[in-house]
Amino acid sequence: MTIESVGIVGAGTMGNGIAQAVAVAGLKAVIIDVTDDALEKGLATLKRSLERLVVKGKLDAGARDAALMRIVTSTDYELLAGADIVIEAATENVELKTRILKQIEVAVRPETIIASNTSSISITELATTLADSSRFIGMHFFNPVPMMPLVEVILGLQTSAQVAEDVRELALRLEKMPIAVKNSPGFVVNRILVPMINEAFFALAEGVASAEEIDAGMKLGANHPIGPLALADLIGLDVCLSILDVFLKDFGDSKYRASTLLREMVAAGRHGRKSGQGVYQYPR
């Protein structure tokens, strides 16, 4: 299949980022969300992101305008009928994703590929939601999507080889680097990354060092471009906690137990950059 139209369900950070990458690559993007307000916020974020690229000289104004013309937003799933692939980009919650996937399946054609941008939930498990599980696959982008080149392509037990190849080709068209990953909690990157972030929260809670010193230590001593606590703020502390809870449940290993400090900060609404405060503060 040659993919020319991409549906994205979810206009949040990941959804509008995926839509931007799709539109800039010359493909049609249809963004679906539950409210017009969510769609307006997502589109506004996308426009600001494109404008930054223009200011930096990485995109010309004509290309920006052309990309925006390729984007359609709606609360109506019926607009997904013409999509060649639909990517679910909702919050890391099995029940929510299951409900969305069922709505997608009703709206799309039998040959349409259905993908999830999940960062930790089993693709094999989510695939059982669909009548035809062979067309389901994981397509895990990284935040911020327009800048990050990696896409994890995750095959469930039921995923067909042709679907996997079509999705790999799509990733390349979006100028991303796809890596093939077996279905396993956290896949590759988050399985390694999120426990490291969690350990940084344990060190912070124990007073081993300040947040600034922990981040400086990993940047200067391990050559990381950003410290683990600042990265947690970027990812979203709530997202990190959700991933750890999935690891703990699916692996049954206490080494994935989330730091009490991380759990407390999420409970307090300190989710990171998107809420204005996490480990660090982010003035609006």
Side-chain angles (χ1 to χ4, degrees), residues 1-11 14-33 42-43 46 49-50 59 63-64 66-74 76-90 97 100-119 123 126-127 129-142 144-156 158-181 183 187:
M1 177 191 295
T2 300
I3 295 173
E4 298 296 340
S5 178
V6 180
I8 302 105
V9 179
M14 298 305 295
N16 67 63
I18 295 169
Q20 177 179 327
V22 166
V24 169
L27 285 69
K28 180 181 178 181
V30 181
I31 310 174
I32 303 293
D33 212 315
L43 190 57
L46 191 157
S49 178
L50 287 173
L59 191 72
R64 174 201 60 199
L68 289 171
M69 289 293 291
R70 298 186 190 102
I71 299 170
V72 175
T73 64
S74 179
D76 188 354
Y77 276 72
E78 289 186 4
L79 265 71
L80 298 174
D84 300 312
I85 181 172
V86 178
I87 303 169
E88 168 273 312
K97 288 182 181 292
I100 289 172
L101 292 174
K102 288 179 179 178
Q103 290 178 273
I104 292 171
E105 185 175 37
V106 171
V108 300
R109 307 188 312 275
E111 66 271 22
T112 299
I113 297 169
I114 302 176
S116 175
N117 183 55
T118 180
S119 55
I123 296 303
L126 289 174
T129 300
L130 306 177
D132 179 10
S133 55
S134 68
R135 62 169 165 168
F136 186 70
I137 195 166
M139 196 175 187
H140 180 211
F141 293 81
F142 289 79
V145 177
M147 300 295 105
M148 298 294 281
L150 180 66
V151 174
E152 288 180 317
V153 178
I154 308 107
L155 279 67
Q158 313 94 319
T159 306
S160 77
Q162 186 59 59
V163 165
E165 180 58 26
D166 290 342
V167 167
R168 178 183 174 278
E169 290 297 327
L170 172 60
L172 292 173
R173 288 185 67 188
L174 300 183
E175 298 188 355
K176 305 296 183 185
M177 175 56 69
I179 61 171
V181 180
N183 184 56
F187 316 127

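All figures in this text were calculated on a predicted structure; none of them were measured in a lab.
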With a 3.5 Å cut-off and sequence neighbours excluded, list the donor-acceptor pairs that the side chains of residues 14-25 form with protein atoms.
residue : atom : partner : partner atom : Å
Asn16   : ND2  : Ala11   : O            : 3.2
Asn16   : ND2  : Gly12   : O            : 2.6
Gln20   : OE1  : Ser49   : OG           : 2.8
Gln20   : NE2  : Ser49   : OG           : 3.2

TODO: Mind checking salt bridge (charged side-chain N to carboxylate O under 4.0 Å, His left out) for Arg70 and listing every partner two or more places apart, or none if nothing turns up?
DONE: none
Open item on the list: By the salt bridge (Lys or Arg N to Asp or Glu O under 4.0 Å) test, which pairs, at least two apart or in different chains, include something from residues 15-31?
Closed with: none
- [ ] Could you tell me whether the side chain of Glu152 and the main chain of Ile154 form a donor-acceptor pair under 3.5 Å?
- [x] no
Task: Nearest non-hydrogen partners of Ile114 and Glu105, listed with the distance - done: CD1-CA, 4.1 Å
Task: Distance (rounded to the nearest 0.5 Å) between Ile8 CD1 and Glu88 CD - done: 12.0 Å
Task: Which residues share a side chain to side chain donor-acceptor pair (under 3.5 Å) with Thr159, sequence neighbours left out - done: none
Open item on the list: To check you understand the geometry: which heavy-atom pair defines the closest contact between Ala115 and Met139, and what is its length?
Closed with: CB-CB, 4.1 Å
Task: Residues in ring-ring contact (aromatic ring centres under 6.0 Å, His included) contact with Tyr77, at least two apart in sequence or another chain - done: none
Task: Closest heavy-atom pair and its distance - Phe187, His140 - done: CD1-ND1, 4.4 Å
Task: CA sep, side-chain torsions, deciding dist, call: Phe136, Ser116, side chain to side chain contact (heavy atoms under 4.5 Å, CB included) - done: CA-CA 8 Å; Phe136 186 70; Ser116 175; 3.7 Å; yes
- [ ] Nearest 0.5 Å please: distance from the CD1 atom of Ile87 over to the CG atom of Leu170.
- [x] 6.0 Å
TODO: Please examine the side chains of Asp84 and Glu111, heavy atoms only from C-beta on, and report whether any two atoms are closer than 4.5 Å.
DONE: no
Open item on the list: So for atom CD, which belongs to Glu169, do other residues, nucleotides or ligands contribute more than 12 heavy atoms lying within a distance under 6.0 Å?
Closed with: yes
Task: Pro178 versus Val153, closest heavy-atom pair with distance - done: CB-CG2, 3.9 Å
Open item on the list: Quick check: closest heavy atoms across Asn183 and Leu155, and the distance to 0.1 Å?
Closed with: CB-O, 3.5 Å
- [ ] Taking salt bridge (charged side-chain N to carboxylate O under 4.0 Å, His left out) as the test, write out the residues that go with Glu4, two or more places apart.
- [x] Arg173
